[in-house]
Amino acid sequence: MAKEPWEEDIYDYGEEDLKRTKKSSDALANKVLTILAVIFFIMVIVIVATMIYLSIGGSGKSAAKEGFLDKSAPVSSQTATSSSVASADTNNDSSASSSEGTIKVLAGEGEAAIAARAGISIAELERLNPSHMATGTWYADPGDVVKTR
C-alpha cells in the first residue's frame with residue numbers, strides 16, 4: 001500500500017550526499033592548531049605564575065631597595081630629628097647653619113624641617129633654592145647643601 005502524501009517523510013536527509021570524506025590536510029590542520037593552542041596555554045600559565053611570584057616579592061626585597069636608599073647617611077628616628085630641630089633653634093647659627101648662609105640637609109628632613117631649622121619660611125627656602133624645585137616639588141637628598149640667606 002502506498003502512503004498518502006501526509007504520511008510520507010517530509011525531509012530527505014540525503015545521507016549519501018552528506019557523507020564527508022576526510023582529507024589529509026584537515027588532519028594536519030587539526031594537529032597544528034592543537035600544538036598552537038597548547039603553546040598559548042603554556043605561555044599564559046608562565047605569565048600568570050611570574051606575576052604571582054613578583055607580586056609576593058619573590059625577586060628579593062633587599063635587591064629592589066638597593067640604590068634607592070642612601071646607606072651612607074645615618075638613620076635617625078622622628079624623635080631624634082625633632083630634638084635636633086629643637087637644639088638647632090636654640091643654637092641658631094652654631095652647627096646648624098654656617099656663616100655663609102647654607103645648611104646641610106640631614107636624613108629624613110623635608111622642606112618644612114629645613115626651613116624651621118634655618119629659621120625662614122618655606123616660601124623663602126624655595127625662592128633661594130630654585131634648583132631643588134626643578135620637578136615642581138621640593139626635592140633634596142641627605143648631604144645636599146641649601147641656601148638659607
Side-chain angles (χ1 to χ4, degrees), residues 1-88 95-98 100-118 120-148:
M1 233 169 143
K3 292 183 179 180
E4 296 292 324
W6 58 84
E7 294 176 344
E8 291 181 14
D9 290 334
I10 296 174
Y11 299 105
D12 180 21
Y13 295 111
E15 293 176 12
E16 285 114 24
D17 295 338
L18 293 177
K19 286 186 181 176
R20 189 171 192 184
T21 58
K22 283 245 177 200
K23 296 181 184 175
S24 62
S25 63
D26 286 345
L28 180 64
N30 285 341
K31 288 179 183 179
V32 169
L33 289 176
T34 303
I35 291 170
L36 288 176
V38 168
I39 291 172
F40 174 75
F41 286 122
I42 289 173
M43 288 173 49
V44 168
I45 290 171
V46 167
I47 289 171
V48 169
T50 303
M51 289 173 56
I52 291 171
Y53 176 73
L54 292 177
S55 70
I56 59 173
S59 65
K61 293 180 181 180
S62 61
K65 291 180 183 178
E66 188 174 328
F68 181 71
L69 299 173
D70 184 16
K71 296 186 190 244
S72 64
V75 178
S76 63
S77 65
Q78 184 65 19
T79 57
T81 304
S82 62
S83 66
S84 68
V85 169
S87 67
S95 64
S97 302
S98 66
E100 303 163 0
T102 58
I103 289 181
K104 186 175 183 182
V105 177
L106 301 175
E109 242 182 351
E111 183 180 15
I114 296 168
R117 192 161 51 108
I120 59 173
S121 68
I122 295 173
E124 182 70 13
L125 183 66
E126 290 175 353
R127 186 187 66 77
L128 291 171
N129 300 286
S131 62
H132 291 282
M133 292 293 295
T135 61
T137 58
W138 177 262
Y139 181 79
D141 289 323
D144 285 354
V145 177
V146 295
K147 296 177 187 174
T148 57

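Every value quoted in this text rests on a predicted model; they were computed, and no experiment measured them. Throughout, residue positions are numbered sequentially from 1 according to the sequence presented.
A distance of 9.5 Å separates CG in Asn129 from CD in Glu124, rounded to the nearest 0.5 Å. To the nearest 0.5 angstrom, Leu28 atom CG is 9.5 Å from Leu33 atom CG.
A pairwise comparison of heavy atoms in Ala115 and Leu125 identifies N-CD2, 4.0 Å as the closest pair. Across all their heavy atoms, Lys3 and Glu8 have their closest contact at O-OE2, 3.7 Å. Listed here is the closest heavy atom pair of Lys104 and Glu109: O-OE1, 4.3 Å. Residue Ile103 comes nearest to Ile114 through the heavy atom pair CD1-O, 4.3 Å, listed as atom of the first residue, atom of the second, then distance. Summarising the geometry of Lys147 relative to Leu128, their closest heavy-atom pair is CD-O, 3.7 Å, with the distance given to 0.1 Å.
A side-chain contact (heavy atoms from CB on, under 4.5 Å) with Ile52 is found for exactly one of Thr50, Leu54, Val48, namely Val48.
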